[in-house]
Student: 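Below is a structure I'd like to ask you about.
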Amino acid sequence: MRKIYGKITAWILAAGLAVGLLSGCQKREVNKIQESTASIGVNGQGPISGHEPENSGALGRYGETQMELPEEIKEQSLCQFIRGTGGDLELFTMNRDSSGTVTKVFHYRYQNGAWEKEENWQGEQILKDRSLDLSLVTYGMDKGCYIGGTDQEYQFHLFKLKEDGTATELLEEVFKPKDGSSYGLIPPKVEVLENGNLLIYGYWDLSLYDPSGVLLYTFAKDFSGSTSEARGFCEGEELVTVQEDQLVRYNLKNGKVLEAIAWEEIKGSRETVILFGDGNGGIYAANETGLSHINKGGTLWEILMDGSLNHMGMRSLFLQQFLQGDQGDFYGAFTSEGGSGIQIFHYAYDQDLSSVPPSGLTVYSLTDNSTVRQAASQFQSEHPDIRVEVRTATEKDGTVTEEMIQGLNTELLSGKGADVLILDGLPVDSYIEKGILMDLSSLVGEMETSEEMLNNLLEGFRQEDGAIYQVPARIEIPVLLGEDKAIAAYSSLGTMAGYKGERPLVPIEIYENLLRMTARLQYEELFINGKGLADRDTLIRYLETVRVVGEASNSKNSFTEEEGKTYWVSNHVLPSGIRDSAIQYDAGHCDSGIASFGCFMDLCIPVEVRNHSDKTRMVSVGKIYLPLTLTGINRSTANEDMAKEFVRCLLSFEVQKEELYDGFPVNKKALETITEREKESWSVGSSAGDGSYEIHADWPDLETRREVASMIEALTIPAVVDETMMNMIVEGSRDYYDNKENVEAAADKILRKLSIYLAE
C-alpha cells in the first residue's frame with residue numbers, strides 16, 4: 001500500500017510534515033539568544049557523564065536577534081526571502097484563501113533598518129493577467145528578475161520580468177505535462193547563470209538549459225519530493241548539490257563531478273538544509289545542526305553556530321532560507337506550519353559573548369526525538385546561561401543494539417551519565433530497582449495540583465509507595481475499527497483466539513508485529529491481572545493466541561518482496577506492532593482494523609472508513625494508552641534543580657502545543673488547543689499499487705477531534721512493555737511460528753533467558 005499525507009494546495013505536490021511555531025516555556029519575549037562555537041554532539045556517540053562545558057572561559061560567538069516585521073506579515077505566507085540585485089534584503093509574501101489559492105502578493109524591501117512595502121510590484125500584475133499562483137521569485141546572476149507560478153491546471157510557468165512592465169515566458173515546453181501525466185514539473189528552485197542559461201531543480205535531478213530551451217546537461221541528485229525544498233546552489237561555473245547522501249560539486253561547463261564531500265557529522269536528522277557559497281569555492285550548510293562551513297578542497301567542517309542554542313534547532317520551525325550578510329553576518333527565515341508564522345533572525349558575531357554557556361545540562365535518548373529537541377531549544381532560549389546538550393545513541397536509521405543499552409547501564413550504575421534520561425526502549429524497572437532514577441512525585445504533584453496536566457495520564461506511573469520515577473511527554477491511543485462482534489473479540493486473549501467471523505480478525509502481518517501488538521492490546525491480562533510473561537502458563541497462552549490469530553490471516557515470520565506487494569504487508573517492525581490496518585478492513589481483508597493515533601492527522605483515513613458503514617464503530621482499547629517520550633532524572637545528577645526545570649519545560653504548554661507528529665500532548669491546555677485548531681485544504685490519500693483500492697480523506701471535523709480528545713481524557717493504563725523482554729520473546733518464538741518446535745519448547749527457551757535477565 002502507498003499512503004500519502006499532504007496538504008493539497010496549489011504550491012505543494014508531496015508536502016512534508018510542517019510544524020507549528022513555539023513561543024517559549026515562560027511568557028516573556030526573548031529578543032537575543034546567545035550562540036555557541038563549540039562542537040555539537042554527533043549521533044552515534046554514546047552517553048556522556050560530564051556536565052561542565054569545555055572552554056567555559058573563552059569569549060566570542062554568534063548572537064541571534066529577531067528582526068521586527070510589519071504586523072500584517074503575521075497573516076501572510078512566505079514565498080521568498082532573498083537579496084536583491086542591489087544587495088538589499090527582499091521579502092515576498094502571499095495571502096491565501098481557504099482553498100489555498102494565492103489572492104494577493106506582497107513585496108517588502110529592508111532599508112534603513114526597517115521593512116518597507118513596495119506597492120504595485122510588477123510581478124503581481126503578470127500573475128493576475130495569467131491567473132497564476134506565485135511559487136517562485138529569484139534574481140539571476142544576469143541581474144534579471146524571474147518569477148514562476150502554477151495555473152489552474154497545475155502547470156508551472158516561468159517568466160523573466162522586463163523593465164517596461166511586460167514579461168517573457170521561458171522554457172514553456174520543459175514544464176508541460178508528459179504523456180499520461182496530469183501535471184508537469186514544478187521546480188522547487190531555478191537559478192539563472194550569467195550567460196542566461198537556466199538550471200532547473202527537479203525531484204530526481206537538475207537540468208541545465210540554454211535560454212531557447214535546449215538541454216545542455218543533466219546532473220544527478222538525491223530525491224526531493226516537495227516543491228518547496230531544493231538542496232543546492234551555483235557559484236561561478238560550479239554546482240553543489242546532494243547526491244548519494246554526500247555533497248557533490250559539478251562543473252557546469254562539462255557536467256563532470258569535481259569532488260564529493262562527506263557531511264555526515266553536520267547534516268542533522270531533518271532533511272532540510274540550505275546550501276550556499278562563500279564566494280571562494282567554500283560551502284556553507286545551514287540546518288537544525290546550526291551553520292557549518294568547509295573550504296574548497298577541505299575535509300573538515302567548522303561549526304560556526306550551534307543550532308541547539310538558537311531557533312535553528314527548534315522542531316516547530318521550518319528553515320526556509322539562510323543568507324550571508326555584508327559584515328560576516330547572516331540572516332535566517334523560518335516559518336511554522338503551512339509557510340505562515342514568518343520569523344527572520346539576524347546572526348552577528350559578538351566577541352564579548354561567552355563562547356559556551358557557563359553551565360550545562362545533558363539529555364540522553366536512544367533515538368532522536370522531536371519533542372525533546374523542541375524543549376531543549378526552548379529551554380536554551382529561556383536560560384541562555386545554560387547549555388542543553390541532547391545526545392542520541394543511534395544513527396539516523398534508529399537501530400538500537402543491546403551493546404548500546406549495556407554501555408548506558410554500566411555508566412549509570414557507576415553514578416555517572418546524563419542528567420535527564422528519555423527512557424523509551426530502556427529497562428526502566430531495572431533502573432527503579434537499582435535506585436538509578438530520581439523520585440519525581442513532588443514535581444508531578446505540583447503540576448497535577450495546578451490542573452495544567454491530564455492527570456489521568458500521569459497517575460498510572462505512581463508506584464505503590466507513592467513514588468513516580470518517569471512521566472510521558474507524549475502518548476498514542478490505540479483504537480479498534482469494526483462491527484460489534486469483532487470489537488468484542490479483543491476483550492481477552494481467549495476471545496481473540498476464539499473469534500469466528502467471515503474474515504480473519506486481523507490482516508496478514510509478520511508475527512513479530514502481532515506479538516508486539518497483542519502485548520499492548522491485552523496489556524492488562526498479560527502484565528497487570530497475572531504474573532506477567534515470566535509466568536509459564538501466561539506466556540504459553542499468549543504465544544498460542546498470536547499463532548491462532550496469525551494463522552487465520554496467513555501471517556509469517558517474514559515475507560518475500562512479491563508477497564508484500566500482493567498482500568499489502570511488509571517486514572518492517574513497529575515498536576508497538578500496530579500498523580494502521582483501517583484500509584485492509586475497508587478493503588474487506590479482515591473483520592477489524594487497528595490504528596494508533598498520535599496526532600489528528602492519523603484520524604483522517606480511519607474516520608473516513610468508519611463513515612463508510614453505519615455498523616462500523618471506532619473505539620479505544622479499554623483504558624489503555626501508549627506512553628511516549630518517557631522522561632526520568634538520573635538520581636546522580638549534580639544539576640537536580642536544572643533537570644527538574646527541564647522536565648517542566650518538556651511538559652509545558654508552550655512545548656506541548658506544537659504538533660510535531662510524535663504523539664498527543666499530556667498537557668491539558670495543549671490538547672484543547674490542537675483539538676480546536678483547523679487545517680484547511682488538508683487531504684490524505686492511500687492506494688494499492690495494482691489500482692484495486694483507493695481512498696481519500698480530509699482533515700477530521702471538530703466533532704470527531706473532540707471525540708478523540710474525550711477518549712484521551714478517559715485513559716488511565718499506560719502500556720509500557722520492556723523492549724529487552726519483548727526482543728527475547730520474539731527471538732525465542734521464531735521456531736514455534738515456523739513450525740520447528742512446539743509451544744512448550746518455545747516457552748521454556750524464552751523463560752530461561754527471561755529468568756537471567758530479570759535476575760540481573
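Everything numeric here is computed off the predicted structure, so don't read it as measured data. Residues take their numbers from the sequence shown, with the count starting at 1.
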Student: Can you tell whether the side chains of E659 and K679 come within less than 4.0 Å, N to carboxylate O?
Tutor: yes
Student: Can we say E563 and K556 salt-bridge, meaning some charged N sits less than 4.0 Å from an Asp/Glu carboxylate O?
Tutor: yes
Student: Tell me yes or no: between the side chains of T704 and D701, is some donor less than 3.5 Å from an acceptor?
Tutor: yes
Student: Can you check side chain to side chain contact (heavy atoms under 4.5 Å, CB included) on E678 and L702, steps first, answer last?
Tutor: CA-CA 8 Å; E678 293 293 346; L702 180 58; 4.2 Å; yes
Student: Judged by atom type as modelled, is there a donor-acceptor pair below 3.5 Å linking the side chain of D484 to the main-chain atoms of R617?
Tutor: no
Student: With no hydrogens and no angle check, just 3.5 Å: does a side-chain donor-acceptor pair link T716 and N456?
Tutor: no
Student: Got a sec, which pairs hit ring pair (Phe, Tyr, Trp, His ring centres under 6.0 Å) with one end in residues 487-526, sequence neighbours left out?
Tutor: Y511-Y737, Y523-F527
Student: K485 side chain to K500 main-chain N or O, any donor-acceptor pair under 3.5 Å?
Tutor: yes
Student: Go through it in stages, so that I can follow the logic: the residues are D586 and I605, the test is side chain to side chain contact (heavy atoms under 4.5 Å, CB included), and I'd like the CA-CA distance, side-chain angles, deciding distance and then a yes or no.
Tutor: CA-CA 10 Å; D586 193 44; I605 286 180; over 6 Å; no
Student: Say whether, by atom type as modelled, one donor and one acceptor occur between the side chain of S553 and the main chain of G550 under 3.5 angstrom.
Tutor: yes
Student: Going through the checks in order, is the salt bridge (charged side-chain N to carboxylate O under 4.0 Å, His left out) test met by E676 and R705?
Tutor: CA-CA 8 Å; E676 301 298 313; R705 300 197 303 272; 5.9 Å; no
Student: Could you check whether any side-chain N or O of Q656 sits under 3.5 Å from a backbone N or O of V666, counting only pairs where one atom can act as donor and the other as acceptor?
Tutor: yes
Student: Hey, which of D424, L426, L421 is the one that makes side-chain contact (heavy atoms from CB on, under 4.5 Å) with L366?
Tutor: L426
Student: After noting the C-alpha distance and the side-chain angles of E524 and K623, does the key distance pass the salt bridge (charged side-chain N to carboxylate O under 4.0 Å, His left out) rule?
Tutor: CA-CA 10 Å; E524 290 183 87; K623 301 292 184 180; over 6 Å; no
Student: More than 12 foreign heavy atoms under 6.0 Å from NZ of K753: is that the case here?
Tutor: no
Student: Using atom types as modelled and distance alone, determine if a side-chain donor or acceptor of R520 lies under 3.5 Å from a backbone N or O of Y625.
Tutor: no
Student: For the pair S596 (side chain) and I578 (backbone), establish whether a donor and an acceptor sit closer than 3.5 Å, ignoring hydrogens and angles.
Tutor: no
Student: Say you draw a straight line from CG of D614 to NE2 of H612; how long is it, rounded to the nearest 0.5 Å?
Tutor: 12.0 Å
Student: Applying salt bridge (charged side-chain N to carboxylate O under 4.0 Å, His left out) to R516 and E723, what does each step give before you reach the verdict?
Tutor: CA-CA 10 Å; R516 290 174 174 273; E723 181 63 20; 2.8 Å; yes
Student: So, D602 and Y661: side-chain donor and acceptor under 3.5 Å apart, yes or no?
Tutor: no
Student: Which value, rounded to the nearest 0.5 Å, describes the distance between I624 atom CD1 and I475 atom CD1?
Tutor: 12.5 Å
Student: Does a donor on one side chain and an acceptor on the other come within less than 3.5 Å for E562 and T560?
Tutor: no
Student: Please identify each residue that fulfils ring pair (Phe, Tyr, Trp, His ring centres under 6.0 Å) with Y736, with sequence neighbours left out.
Tutor: none
Student: Is there any ring pair (Phe, Tyr, Trp, His ring centres under 6.0 Å) pair reaching into residues 714-733, and which pairs are they, with sequence neighbours excluded?
Tutor: none
Student: Working to the nearest 0.5 angstrom, can you tell me the gap between S365 OG and L630 CG?
Tutor: 12.0 Å
Student: Give the C-alpha distance, both sets of side-chain angles, the deciding distance and a yes or no for side chain to side chain contact (heavy atoms under 4.5 Å, CB included) between Y469 and L423.
Tutor: CA-CA 10 Å; Y469 296 102; L423 299 164; over 6 Å; no
Student: Any carboxylate oxygen within less than 4.0 angstrom of a Lys/Arg side-chain nitrogen, looking at R706 and E713?
Tutor: no
Student: OG1/T545 to CG/L515 distance, rounded to the nearest 0.5 angstrom?
Tutor: 10.5 Å
Student: Over 60° means perpendicular and under 30° means parallel, so tell me whether W699 and F600 are parallel, tilted or perpendicular.
Tutor: perpendicular
Student: Going by distance alone, is a donor N or O of one side chain under 3.5 Å from an acceptor N or O of the other, for N513 and E509?
Tutor: yes
Student: Are a donor atom and an acceptor atom from the side chains of K669 and T673 found within less than 3.5 Å of each other?
Tutor: no
Student: May I ask you to decide if S316's main-chain N or O and Q374's side chain share a donor-acceptor pair within less than 3.5 Å?
Tutor: yes
Student: Is the closest basic N to carboxylate O distance between R315 and D662 below 4.0 Å?
Tutor: no
Student: Check whether the side chains of T629 and N369 place a donor and an acceptor atom closer than 3.5 Å, and report yes or no.
Tutor: yes
Student: For Y757 and D722, what are the C-alpha separation, side-chain angles and deciding distance, and is it a side-chain hydrogen bond (donor to acceptor under 3.5 Å, both in side chains)?
Tutor: CA-CA 11 Å; Y757 170 66; D722 187 300; 2.8 Å; yes
Student: Can L533 and I750 be said to form a side chain to side chain contact (heavy atoms under 4.5 Å, CB included), step by step?
Tutor: CA-CA 10 Å; L533 294 181; I750 293 169; over 6 Å; no
Student: Are any of the side-chain nitrogens in R462 or E459 under 4.0 Å away from the carboxylate oxygens of its partner?
Tutor: yes
Student: More than 12 foreign heavy atoms under 6.0 Å from CG of D465: is that the case here?
Tutor: yes
Student: Using a 3.5 Å distance criterion without hydrogens, assess whether the side chain of N571 forms a donor-acceptor pair with backbone atoms of S558.
Tutor: no
Student: Apply salt bridge (charged side-chain N to carboxylate O under 4.0 Å, His left out) to residues R541 and E525 and explain how you reach the verdict.
Tutor: CA-CA 11 Å; R541 191 167 71 253; E525 182 174 349; 3.2 Å; yes
Student: Hey, are K668 and E672 close enough for a salt bridge, meaning a charged N less than 4.0 Å from a carboxylate O?
Tutor: no
Student: So among K565, R579, E561, which one has a side chain to side chain donor-acceptor pair (under 3.5 Å) with S570?
Tutor: R579
Student: Got a salt bridge between K749 and D735, using NZ or NE/NH1/NH2 to carboxylate O under 4.0 Å?
Tutor: yes
Student: Quick one: CZ on F653 to CG on L651, what's the gap to the nearest 0.5 Å?
Tutor: 14.0 Å
Student: If you round to the nearest 0.5 Å, how far is CE of M728 from OG of S733?
Tutor: 13.5 Å
Student: Does a donor on one side chain and an acceptor on the other come within less than 3.5 Å for Y567 and N554?
Tutor: no
